[in-house]
Amino acid sequence: MNILIIGANRGIGKALTDLCAAHQNWQVIGTSRDFDPELKRTENVWQVHCDITNQVSIKRMRQQLTTQFEQIDWLLNCAGILHTDAYMPEKALKQVNAQQLMDNYQTNAMGHLLLIQQLEPLFTSPSAKLIASVSARIGSIEDNHLGGWYAYRMSKAALNMGIKTLAIEWARTHPQVKFMLLHPGTTDTDLSNHFNKGYPKDSYKLRKIQPITY
Ligand SMILES: NC(=O)c1ccc[n+]([C@@H]2O[C@H](COP(=O)([O-])OP(=O)(O)OC[C@H]3O[C@@H](n4cnc5c(N)ncnc54)[C@H](OP(=O)(O)O)[C@@H]3O)[C@@H](O)[C@H]2O)c1
């Protein structure tokens, strides 16, 4: 079982990496923009650099992967941004700006889809496979009762539509691949730590994530 986890160095991706790595016979490949470009291995955990907004970086990662792996069984894409040092989520239209919209779209929507495009050859063998992208409830149009957070909401809605569209296409061409869009709920990570003050601590600790069974 080969599992590729995008965003394995922090937050939800790191928690999933630790849980998967506990299965000694699983090979877990984790990515981060802070890892080296060369594939490095410690026991059943591998590390490699990847920036999903950069096509050259994705191709380099794919080349590294294909030196060791003929196929990926699970792709768990945990990459996402909400805010940076330059901006926080917008509360009103007057705060909306092109840079924030573009950054969120590139990472949260475009990056997820273009990554799968580059990795397609690793998903073509007949065994069952899973591609999961961490989305967010906030990307639901029907569930939007609060407003605000334009760039993040729009990017997650776009992610949901992109993966749904791909699932329809690959149901015809690669029916062995199943897709999931995951809403993790508010989770105590760098992404959410400005916004989770009102939640009871135990409701969102990473240790609440349950081990995956396969
Ligand atoms: N925390 C929550 O309450 C919450 C709620 C709903 C949905 N989510 C979603 O859950 C996912 C994980 O978020 P988190 O809470 O774990 O946040 P986090 O701790 O801030 O982690 C964000 C992750 O995204 C990766 N990443 C960001 N930009 C990237 C890029 N261009 N290329 C590759 N990787 C990139 C980071 O990797 P490096 O910086 O190491 O490269 C990091 O691992 C996100 O998609 C987020 O939208 C979170």
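In what follows, every heavy atom counts, from backbone to side chain, and hydrogens, waters and symmetry copies are set aside. The first residue of the sequence shown is numbered 1, and numbering continues consecutively from there. First listed ligand is number 1; within each ligand, the first listed atom is number 1.
Within the structure, ligand 1 has S135 among the residues with a heavy atom less than 4.0 angstrom away. Residue F195 places every heavy atom at 4.0 Å or more from ligand 1. The shell of residues lying under 4.0 angstrom from ligand 1, judged by heavy atoms, includes G185.
Nearest protein neighbour of atom 3 (O) of ligand 1, counting heavy atoms only, is T187 N, 2.8 Å. What sits closest to atom 35 (C) of ligand 1 on the protein, heavy atoms only, is A79 CB, 3.6 Å. At the shortest separation from atom 6 (C) of ligand 1 among protein heavy atoms lies P184 CG, 3.5 Å. Closest to atom 16 (O) of ligand 1, if we only count protein heavy atoms, is I12 N, 2.8 Å. The shortest contact between atom 9 (C) of ligand 1 and any protein heavy atom is with V134 CG1, 3.5 Å. Closest protein heavy atom to atom 17 (O) of ligand 1: L191 CB, 3.2 Å. Distance from atom 27 (C) of ligand 1 to its nearest protein heavy atom, with residue and atom name: R33 NH2, 3.3 Å.
V56 and M61 end up in different hydrophobic clusters when Ile, Leu, Val, Met, Phe, Trp and Tyr side chains are linked at under 4.5 Å. Both L182 and L76 are members of a single hydrophobic cluster when ILVMFWY side chains are connected at heavy-atom separations under 4.5 Å.
Within the 4.5 Å cutoff, the side chain of V48 has no heavy atoms near those of the E38 side chain. Under the 4.5 Å side-chain criterion, counting only non-hydrogen atoms from C-beta, M1 is not in contact with N25. With a 4.5 Å cut-off on side-chain heavy atoms, L115 and L75 count as touching.
Some N or O of I52 is nearer than 3.5 Å to an N or O of ligand 1, by distance alone. In terms of N/O distances under 3.5 Å, ligand 1 is approached by T189. Between K156 and ligand 1, at least one N/O pair is under 3.5 Å apart. Checked by distance only, ligand 1 and R10 come closer than 3.5 Å through their nitrogen or oxygen atoms. Between A8 and ligand 1, no N or O atom pair is found at a separation short of 3.5 Å.
Nearest heavy atom pair, residue I116 against residue I131, reads CD1-CG2, 3.7 Å. When all heavy atoms of P37 and Q64 are compared, the closest pair comes out as O-CG, 3.3 Å.
Atom CE of M102 is surrounded by 12 or fewer heavy atoms from other residues, nucleotides or ligands within 6.0 Å.
Taking every non-hydrogen atom of A136 and a distance limit under 4.0 Å, the qualifying atoms of ligand 1 come out as 6 (C), 7 (C). Contact atoms of ligand 1 toward T53: 31 (N) (distance under 4.0 Å to a heavy atom of the residue). For ligand 1, the atoms closer than 4.0 angstrom to any heavy atom of D190 are 19 (O), 20 (O). Listed by number with element, the atoms of ligand 1 under 4.0 angstrom from any heavy atom of S32 are 38 (P), 40 (O), 41 (O). Residue C50 has at least one heavy-atom neighbour below 4.0 Å for each of these atoms of ligand 1: 32 (N), 33 (C). Shown in contact with D51 at under 4.0 Å from a heavy atom are these atoms of ligand 1, numbered in order with element: 30 (C), 31 (N), 32 (N). Near C78, the atoms of ligand 1 lying under 4.0 angstrom from a non-hydrogen atom of the residue are 11 (C), 12 (C), 23 (C), 24 (O), 44 (C), 45 (O). Listed by number with element, the atoms of ligand 1 under 4.0 Å from a non-hydrogen atom of Y152 are 7 (C), 8 (N), 9 (C), 46 (C), 47 (O).
With values rounded to the nearest 0.5 angstrom, K59 atom NZ is found 10.0 Å from N54 atom CG. To the nearest 0.5 Å, atoms CD1 (I5) and CG (L16) are separated by 5.5 Å.
Screening E90, Q95, Q100, K91 for a side-chain contact (heavy atoms from CB on, under 4.5 Å) involving Y150 leaves a single residue, E90.
The aromatic rings of F123 and W170 lie tilted to each other, with the angle between the two planes from 30° to 60°.
If you check each of G80, G11, G7 against atom 22 (C) of ligand 1, the one with the closest non-hydrogen atom is G80.
A salt bridge does not link K129 to D73: none of the charged side-chain nitrogens sits closer than 4.0 Å to a carboxylate oxygen.
Residues F195 and W149 bring their aromatic ring centres within 6.0 Å.
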